[in-house]
Participant: 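Before I ask anything, here is the structure I am working with.
Convention: sequence-line order gives letters A, B, ...; per-chain numbering from 1. It should be emphasised that the depicted structure is a prediction, and the values quoted were computed from it without experimental measurement.
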Amino acid sequence: MYAQQVETGTKAIKSLAEMGPEERAFQEKIDAEIKIEAKNWMPDNYRKTLIRQISQHAHSEIVGMLPEGNWVTRAPTLKRKLQLMAKIQDEAGHGLYLYSAMETLGADRDEEIEKLHSGRAKYSSIFNYPTLNWADMGAVGWLVDGAAIVNQVPLQRTSYGPYSRAMIRVCKEESFHQRQGYEILLHMMRHGIQAQKDMVQDAINRLWWPSLMMFGPSDAESPNSAQSMAWKIKRHTNDELRQRFIDQTIPQLELLGCSVPDPDLKWNEERGHYDFGEIQWKEFYEVLKGNGPCNRERLETRRNAIQDGAWVREAAVAHANKKQKQQAAA
Amino acid sequence: MTKYDELTEFLLRLGDSALIHAQRLCEWTGRAPALEEEMGMMNVGLDLVGQARNWYEYAAERINDGTDADTLAFRRDERAFRNLLLVEQPNGDFAVTMTKQFFYDAWQFHLLTMLKDAGDERIAAIATKSLKEVTYHLRRSSQWVERLGDGTEESHQRMEKAIDTVWRFTFELVEKSDAELVLSESGNIPALSELPEQWLATVNNVFAKATLTVPDEPSAFYLSARTGMHSEHLGMLLAEMQFLQRAYPDASW
């Protein structure tokens with residue numbers, strides 16, 4: 001997750017025979033599961049695809065702090081406040097090391113952030129939905145981080161070394177967030193009053209479909225998947241991962257005693273998977289285009305943060321330069 | 001309007017200040033000037049909520065009427081809060097936020113350094129643990145004050161303005177209190193008589209490096225955290241922070 005519809009810039013996948021010697025050596029390495037490192041030769045489109053995917057992922061971590069910022073000032077107990085603050089801090093950290101992984105590919109953090117702010121780069125569509133009650137902080141942890149993990153577990157084996165290593169660390173922290181989110185909901189369902197149980201069901205009703213959309217378009221509508229999979233940037237198709245997420249989440253949903261807003265959801269004995277209803281793809285593409293409920297607010301907040309902080313960053317640089325001159329003179 | 005004995009009031013002063021300052025830091029989420037500062041502010045905030053919880057737990061045991069740390073944080077009105085006026089002030093720009101942070105850190109640092117030798121073992125233990133965290137907080141905020149004061153023309157001006165905005169609330173950091181005198185005479189805490197001088201020395205030292213001017217000594221006026229005479233900002237802050245506990249008093253979170 002956190003990366004949806006990443007352009008690969010290729011129309012057809014080349015066979016080894018069609019490749020020049022450098023590209024063939026590169027592809028053979030990938031096929032042999034040898035990691036590509038920053039200094040290795042790589043096709044331009046591989047580099048660009050990775051920059052797009054990793055920056056999208058990093059942007060998602062940062063924008064993803066905003067829906068939580070909406071509730072961190074209203075967390076109901078000291079324990080819940082500490083948990084949410086720690087989660088937000090982790091996300092800033094994920095953003096930082098993902099940007100670092102991206103910079104190993106020759107991209108510049110400020111330039112990529114500028115692309116985000118001007119609407120040229122994407123971030124996960126899920127963060128364009130509002131958080132409207134406290135249970136959203138549980139549901140975001142459980143469903144959104146849960147979906148992210150399903151996507152990211154295979155990314156730990158992604159072909160680009162620095163990205164793979166960043167993912168290993170991110171996954172550890174996110175499974176912790178997911179358990180914590182689930183525990184928030186479970187506590188409200190088991191020990192809460194009716195109003196709290198209603199909050200939980202309401203949060204799931206609102207976040208269920210957007211969580212499924214996090215896996216991106218269906219395979220039929222996903223022209224970039226094949227190339228990303230040949231490069232082993234991606235390891236599974238969007239639909240495979242979506243199915244995996246649903247299959248593992250529904251038993252947890254049942255344990256909560258809640259339901260999802262999908263009348264077509266039912267276990268299919270023959271397939272060994274849950275069947276589920278049609279995703280509202282029109283809504284998905286509208287949110288991607290910038291027309292979701294919170295797109296404008298999220299981007300405006302991020303733009304303001306960077307603009308309002310410009311004088312701070314300038315001062316830090318100016319001061320560091322002064323110090324350097326003083327040291328040189330001494 | 002003091003409700004509890006001197007020691008409990010003192011614990012609330014420490015706990016409330018830490019919590020309210022952290023609450024202001026939470027307001028920065030997603031809005032900091034750089035990613036590193038998102039992490040830095042959350043890091044400091046986490047330490048402070050943890051400290052608040054420790055002070056509250058001790059206070060709650062002393063009050064001993066079924067009160068716990070959460071009821072102290074989320075069920076009291078503004079007149080019962082004992083936090084420093086300084087920390088409830090709005091964040092303003094990064095200069096105001098960092099100036100508040102620095103004044104508060106310097107106060108915490110010297111106070112906790114004294115309290116780690118408190119006769120009251122519980123206070124000594126919490127102070128010892130907190131001091132490790134606050135030593136880092138003070139280093140961070142001192143460096144920022146220096147950078148911003150001695151950075152660019154604009155950052156210098158913003159710092160001068162920020163100091164002007166919050167300096168008047170620092171009288172509470174340098175005032176002597178009869179209640180604390182009672183506590184030191186009874187052996188609960190060490191004498192805090194040198195705290196004002198030490199705080200001012202740190203401010204002088206850092207401001208000199210930052211090319212900033214230390215204003216004249218602030219004087220007490222009407223408002224006082226010790227009696228819950230707060231600025232109007234605290235009420236709104238609590239309305240937000242306490243919303244869920246107030247709206248659903250029977251809920252368990």
Side-chain angles (χ1 to χ4, degrees), chain A residues 58 61-82 84-86 88-93 95-96 99 109 113 133-134 184 187-188 190-193 195-196 199 298 301-302 304-306 308-320 322-323, chain B residues 19 22-43 45-46 49-50 52-53 56-57 68-70 72-74 93-95 98 143-144 146-156 158-159 210 237 240-245 247-248 250-253:
Chain A
E61 296 283 356
I62 304 311
V63 178
M65 294 160 64
L66 296 175
E68 289 168 338
N70 186 39
W71 280 96
V72 69
T73 53
R74 290 180 286 171
T77 64
L78 294 170
K79 173 180 150 188
R80 296 300 182 202
K81 200 175 192 73
L82 284 165
L84 190 54
M85 290 169 79
I88 292 169
Q89 193 193 27
D90 284 348
E91 281 152 3
L96 264 180
Y99 282 125
R109 174 167 139 187
I113 288 173
N133 77 48
W134 168 253
I184 288 175
H187 186 93
M188 288 170 83
R190 296 228 165 131
H191 307 285
I193 55 175
Q196 289 176 286
M199 285 179 202
R298 300 290 188 242
T301 304
R302 289 308 306 152
N304 288 344
I306 296 304
D308 295 348
W311 70 270
V312 176
R313 298 189 302 276
E314 283 158 20
V317 171
H319 181 74
K322 278 186 200 177
K323 279 266 173 195
Chain B
L19 179 64
Q23 175 72 3
R24 286 293 188 209
L25 290 176
C26 285
E27 294 173 9
W28 272 98
T29 302
R31 290 159 176 81
L35 261 184
E36 288 78 357
E37 293 317 302
E38 295 281 355
M39 293 188 73
M41 282 198 263
M42 247 340 140
N43 195 12
L46 276 165
V49 176
R53 185 162 65 174
Y56 284 154
E57 278 169 0
D68 62 17
D70 282 329
L72 287 173
F74 297 101
D93 64 5
F94 194 69
M98 205 40 86
Q143 284 169 352
W144 267 116
E146 196 185 323
R147 273 186 212 119
L148 297 177
D150 188 26
T152 62
E153 181 71 33
E154 180 182 2
S155 70
H156 183 83
R158 281 179 185 260
M159 281 304 289
L237 180 150
E240 181 176 354
M241 185 177 83
Q242 299 180 334
F243 153 65
L244 285 167
Q245 289 260 356
Y248 305 98
D250 301 326
S252 164
W253 305 97

Participant: For Ala95(B), which atoms come within 4.5 Å of any heavy atom of chain A: side chain, backbone, both, or neither?
Facilitator: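 Interface part for Ala95(B): both.
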Participant: Where does Ala32(B) contact chain A at under 4.5 Å (heavy atoms): side chain, backbone, both or neither?
Facilitator: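 Backbone of Ala32(B) only, per the 4.5 Å heavy-atom cut-off to chain A.
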Participant: Between chain A and each of Val49(B), Leu35(B), Leu25(B), count heavy-atom pairs under 4.5 Å; write down the option with the most.
Facilitator: Leu35(B)
Participant: Between Arg147(B) and Val312(A), is the side chain to side chain contact (heavy atoms under 4.5 Å, CB included) condition met? List the steps.
Facilitator: CA-CA 9 Å; Arg147(B) 273 186 212 119; Val312(A) 176; over 6 Å; no
Participant: What residue in Thr29(B), Asp150(B), Asp93(B), Thr152(B) has the most heavy-atom pairs under 4.5 Å with chain A?
Facilitator: Asp150(B)
Participant: Side chain, backbone, both or neither: which part of Leu82(A) has an atom under 4.5 Å from a heavy atom of chain B?
Facilitator: both
Participant: Mind ranking Lys79(A), His187(A), Arg80(A) by heavy-atom pairs under 4.5 Å with chain B and telling me who comes out on top?
Facilitator: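 Heavy-atom pair counts peak at His187(A).
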Participant: Among Ala305(A), Gly69(A), Gly309(A), Pro76(A), single out the residue with the greatest number of heavy-atom pairs under 4.5 Å to chain B.
Facilitator: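 Greatest number of close heavy-atom pairs with chain B: Pro76(A).
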Participant: Under 4.5 Å heavy-atom distance to chain B, tell me which part of Ala316(A) shows up: side chain, backbone, both or neither.
Facilitator: both
Participant: Measuring from atom CD1 of Ile193(A) to atom CE of Met188(A), what distance do you get when rounded to the nearest 0.5 angstrom?
Facilitator: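 Atom-to-atom, Ile193(A):CD1 and Met188(A):CE are 9.0 Å apart.
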Participant: Can you confirm whether the side chains of Trp28(B) and Glu37(B) place a donor and an acceptor under 3.5 Å from each other?
Facilitator: no
Participant: For each of Arg53(B), Met241(B), Arg158(B), tally heavy-atom pairs with chain A at distances under 4.5 Å, and name the one with the top tally.
Facilitator: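 Heavy-atom pair counts peak at Arg158(B).
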Participant: Could you tell me whether a side-chain N or O of Glu38(B) sits under 3.5 Å from a main-chain N or O of Arg31(B), the two making a donor and an acceptor?
Facilitator: yes
Participant: Apply the test side chain to side chain contact (heavy atoms under 4.5 Å, CB included) to residues Glu27(B) and Arg24(B): give CA-CA distance (whole Å), side-chain angles for both, the deciding distance (0.1 Å), then the verdict.
Facilitator: CA-CA 5 Å; Glu27(B) 294 173 9; Arg24(B) 286 293 188 209; 2.9 Å; yes
Participant: How many angstroms lie between CD in Gln89(A) and CG in Leu46(B), if you round to the nearest 0.5 Å?
Facilitator: 5.5 Å
Participant: With only heavy atoms counted, which part of Arg74(A) is less than 4.5 Å from chain B, the side chain, the backbone, both or neither?
Facilitator: both
Participant: Just checking, any donor-acceptor pair under 3.5 angstrom between side chains of Glu240(B) and Thr73(A)?
Facilitator: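 Per modelled atom types, Glu240(B) and Thr73(A) side chains form a pair under 3.5 Å.
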Participant: Heavy-atom distances under 4.5 Å only: say whether Ala75(A) touches chain B with side chain, backbone, both or neither.
Facilitator: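 The backbone, not the side chain.
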Participant: Between Leu66(A) and chain B, with a heavy-atom cut-off of 4.5 Å, which part of the residue counts as in contact: side chain, backbone, both or neither?
Facilitator: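 The side chain, not the backbone.
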Participant: Of the listed residues (Lys81(A), Arg298(A), Glu91(A), Glu314(A)), which shares the most heavy-atom pairs with chain B below a 4.5 Å separation?
Facilitator: Lys81(A)
Participant: So which of Ala195(A), Ala86(A), Ala310(A) has the biggest tally of heavy-atom pairs under 4.5 Å with chain B?
Facilitator: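 Among Ala195(A), Ala86(A), Ala310(A), the one with the most close pairs to chain B is Ala86(A).
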Participant: If you measure from CG on Leu84(A) to SG on Cys26(B), what distance do you get to the nearest 0.5 Å?
Facilitator: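 If we round to the nearest 0.5 Å, Leu84(A):CG and Cys26(B):SG are 8.0 Å apart.
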Participant: Heavy-atom distances under 4.5 Å only: say whether Gln245(B) touches chain A with side chain, backbone, both or neither.
Facilitator: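 Interface part for Gln245(B): side chain.
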Participant: Under a 4.5 Å cutoff for heavy-atom pairs, which residue among Phe243(B), Phe94(B), Phe74(B) has the most contacts with chain A?
Facilitator: Phe74(B)
Participant: When rounded to the nearest 0.5 angstrom, what is the spacing between CG in Asn70(A) and OG1 in Thr301(A)?
Facilitator: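 Between atom CG of Asn70(A) and atom OG1 of Thr301(A) there are 10.0 Å.
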Participant: Are Met159(B) and His156(B) close enough that some pair of their side-chain heavy atoms sits under 4.5 Å apart?
Facilitator: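 Not touching, per the 4.5 Å side-chain cut-off.
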Participant: Do you know which of Glu154(B), Glu153(B), Met41(B), Glu36(B) has the most heavy-atom pairs under 4.5 Å to chain A?
Facilitator: Glu36(B)
Participant: What part of Lys323(A) is in contact with chain B, defined as an atom under 4.5 angstrom from a non-hydrogen atom: side chain, backbone, both or neither?
Facilitator: side chain
Participant: Non-hydrogen atoms of chain B under 4.5 Å away: do they reach the side chain of Gln196(A), the backbone, both or neither?
Facilitator: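 Interface part for Gln196(A): side chain.
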Participant: If you compare all heavy atoms of Ala58(A) against all heavy atoms of Gly95(A), which two are closest, and at what distance to 0.1 Å?
Facilitator: CB-O, 4.0 Å
Participant: Which atoms of Glu146(B) come close to chain A, meaning under 4.5 Å heavy atom to heavy atom: side chain ones, backbone ones, both, or neither?
Facilitator: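 Interface part for Glu146(B): both.
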Participant: Measure Arg109(A) against the heavy atoms of chain B and call it side chain, backbone, both or neither at under 4.5 Å.
Facilitator: side chain
Participant: Below 4.5 Å, heavy atoms only, C-beta onward: do Met85(A) and Val72(A) meet side chain to side chain?
Facilitator: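 SC-SC contact between Met85(A) and Val72(A) confirmed.
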Participant: Using 0.5 Å steps for rounding, measure from the CG atom of Asp70(B) to the OH atom of Tyr56(B).
Facilitator: 10.0 Å
